[in-house]
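Beneath this line is the structure, given in structure tokens, with notes to follow.
Atoms within each ligand, like the ligands themselves, are counted from 1 in listed order.
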Amino acid sequence: MSLIRITNLGKTYRKRKVEIPALKEASFVVQSGSFVSITGKSGSGKSTLLNLIGGLDTPTSGSILFDGKALHRFSKSEMANHRRFSVGMIFQSFNLIQSRTALENVELALTFGGVPRRKRKEKAESLLENVGLKDRMTHLPDELSGGEAQRVAVARAMANNPKVLLADEPTGNLDSETSSEIISLLQDLNHNHGITIIMVTHDVETAGRVSDMVLKLKDGMIVEQTEKKH
Ligand SMILES: Nc1ncnc2c1ncn2[C@@H]1O[C@H](COP(=O)(O)OP(=O)(O)OP(=O)(O)O)[C@@H](O)[C@H]1O
Ligand SMILES: [Mg+2]
């Protein structure tokens, strides 16, 4: 079953009258429950594409059907709901709030999701336990290793039961061993919790190994689409 249907999607940034076509005529379908990777050189449009799916930005042309709904026509408040409930995002630099503990970072996402106060702590604890961080809940982000910080970010992204996890170079700041642990965590969420994953990565070998579909971008265009047969 298709979860995301992208057709002729384009994004042109305009800076001081200069037009930068960051994404051109992208078309593809993401099946529900699949693991998709997006590869390509720096500047090829990977983050642009991910941000459009995540509702962090709006396209200049084309369409995104997300779970049958026209994301490209969403109002501001529909977009806010999309970001809050339909997708979870993780980034290379973790983007945790530095002044808050691991537990509080996850609790905050639950607050935004409207989870009542008395249920938040327990839910946040169980989310952190699921990513193997039971013993690090009271640590501040700078008291965590990179791999642990990314696990907190994953727990936070999962807080409001999203359909899709969008990961922009989630292992970009990690050594190879820690990277494989994070990839395994994403695979576990994909296989055992049925969450759809779209991951941007420079690691072509890992992308090929873990993904059902790999998209390669070049100068804003999808130049290769490789699908694994099941
Ligand atoms: N907000 C913006 N305003 C203007 N141009 C932008 C903006 N964001 C990205 N771009 C441009 O769009 C193009 C694609 O950028 P994007 O961030 O999607 O690349 P990327 O593939 O994610 O690269 P990297 O691997 O370095 O993260 C680049 O040429 C970039 O300079
Ligand atoms: Mg990028």
Side-chain angles (χ1 to χ4, degrees), residues 4-30 34-64 66 71-72 74 76 79-80 82-83 86-96 146-147 149-150 152-154 156-157 162 164-176 178-180 182-183 185-186 196-227:
I4 305 171
R5 189 170 285 273
I6 287 183
T7 311
N8 299 334
L9 193 68
K11 176 72 185 179
T12 298
Y13 293 107
R14 284 183 185 81
K15 274 263 180 241
R16 294 194 198 89
K17 295 189 182 162
V18 180
E19 296 204 336
I20 303 162
L23 189 69
K24 303 170 200 162
E25 300 280 316
S27 298
F28 61 95
V29 172
V30 175
S34 65
F35 196 129
V36 175
S37 290
I38 302 170
T39 66
K41 278 192 196 149
S42 181
S44 58
K46 305 182 298 295
S47 296
T48 300
L49 175 56
L50 208 68
N51 291 346
L52 292 174
I53 299 170
L56 297 182
D57 213 340
T58 50
T60 37
S61 59
S63 64
I64 307 178
F66 190 102
L71 180 62
H72 56 289
F74 274 11
K76 278 217 164 98
M79 275 296 233
H82 175 73
R83 288 193 295 270
S86 300
V87 298
M89 294 196 85
I90 62 173
F91 303 91
Q92 177 172 6
S93 48
F94 322 130
N95 291 14
L96 298 173
Q150 195 61 296
V152 176
V154 171
R156 179 180 61 178
V164 184
L165 195 57
L166 302 171
D168 197 345
E169 298 187 45
T171 62
N173 281 352
L174 306 174
D175 62 55
S176 60
T178 313
S179 292
S180 350
I182 293 295
I183 295 292
L185 174 62
L186 297 182
T196 305
I197 297 193
I198 308 179
M199 173 174 81
V200 167
T201 181
H202 284 280
D203 183 349
V204 176
E205 189 273 321
T206 300
R209 183 168 51 82
V210 304
S211 314
D212 302 299
M213 177 166 82
V214 180
L215 302 172
K216 184 177 169 189
L217 283 174
K218 190 181 178 209
D219 301 329
M221 281 192 299
I222 297 176
V223 290
E224 253 180 65
Q225 176 170 348
T226 318
E227 282 180 75

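Nearest non-hydrogen protein atom to atom 9 (C) of ligand 1 is Tyr13 CE1, 3.5 Å. The single protein non-hydrogen atom nearest to atom 26 (O) of ligand 1 is Ser42 OG, 2.6 Å, given as residue, atom name and distance. Considering only non-hydrogen protein atoms, atom 25 (O) of ligand 1 sits nearest to Lys46 NZ, 2.7 Å.
Any N or O atom pair closer than 3.5 Å counts here, and Gly40 shares no such pair with ligand 1. Residue Ala22 has no N or O atom closer than 3.5 Å to an N or O atom of ligand 1.
Residue Gly43 holds the heavy atom nearest to atom 13 (C) of ligand 1 of all those in Ser47, Gly45, Gly43.
Distance check on atom 19 (O) of ligand 1: some protein heavy atom falls below the 4.0 Å cut-off. Protein non-hydrogen atoms do not reach within 4.0 Å of atom 30 (C) of ligand 1.
The closest donor-acceptor contact from the side chain of Gln150 to the backbone of Pro170 lies under 3.5 Å.
With a 4.0 Å cut-off on non-hydrogen atoms, Ile20 touches ligand 1 through its side chain and not its backbone. Residue-level proximity to ligand 1 for Glu169 is carried by the side chain, the only part with a heavy atom below 4.0 angstrom. Only the side chain of Lys15 comes within 4.0 Å of ligand 1, counting heavy atoms alone; its backbone N, CA, C and O stay farther away.
A distance of 11.0 Å separates CD of Glu169 from CD1 of Ile38, quoted to the nearest 0.5 Å. Separation of atoms CD (Glu227) and CZ (Phe28) is listed at 11.0 Å; rounding is to 0.5 Å. A distance of 7.0 Å separates CD1 of Ile222 from CG of Leu23, quoted to the nearest 0.5 Å. Note: Met199 CE to Leu186 CG = 6.5 Å, rounded to the nearest 0.5 Å.
The shortest side-chain heavy-atom distance between Leu50 and Phe91 does not fall under the 4.5 Å cut-off. Side chains of Ile53 and Ile6 form a contact here, defined as non-hydrogen atoms less than 4.5 Å apart.
Residue contact check for ligand 1: His202 places a non-hydrogen atom closer than 4.0 Å to it.
For the Mg ion (ligand 2), the set of nearby N, O or S atoms under 2.8 Å includes one belonging to Ser47.
Under the side chain to side chain contact (heavy atoms under 4.5 Å, CB included) criterion, Ser61 pairs with no residue, sequence neighbours left out.
For ligand 1, the atoms sitting less than 4.0 Å from at least one non-hydrogen atom of Lys41 are 21 (O), numbered in the order shown with element in parentheses. Atoms of ligand 1 found under 4.0 Å from any heavy atom of Thr48 (numbered from 1 in listed order, with element): 14 (C), 15 (O), 16 (P), 18 (O). Within ligand 1, the atoms closer than 4.0 Å to a non-hydrogen atom of Ser44 are 19 (O), 21 (O), numbered from 1 in the order shown.
In this structure, Arg5 places its CZ atom where only 12 or fewer heavy-atom neighbours from other residues, nucleotides or ligands lie under 6.0 Å away. Atom NZ of Lys216 has 12 or fewer heavy atoms from other residues, nucleotides or ligands within 6.0 Å.
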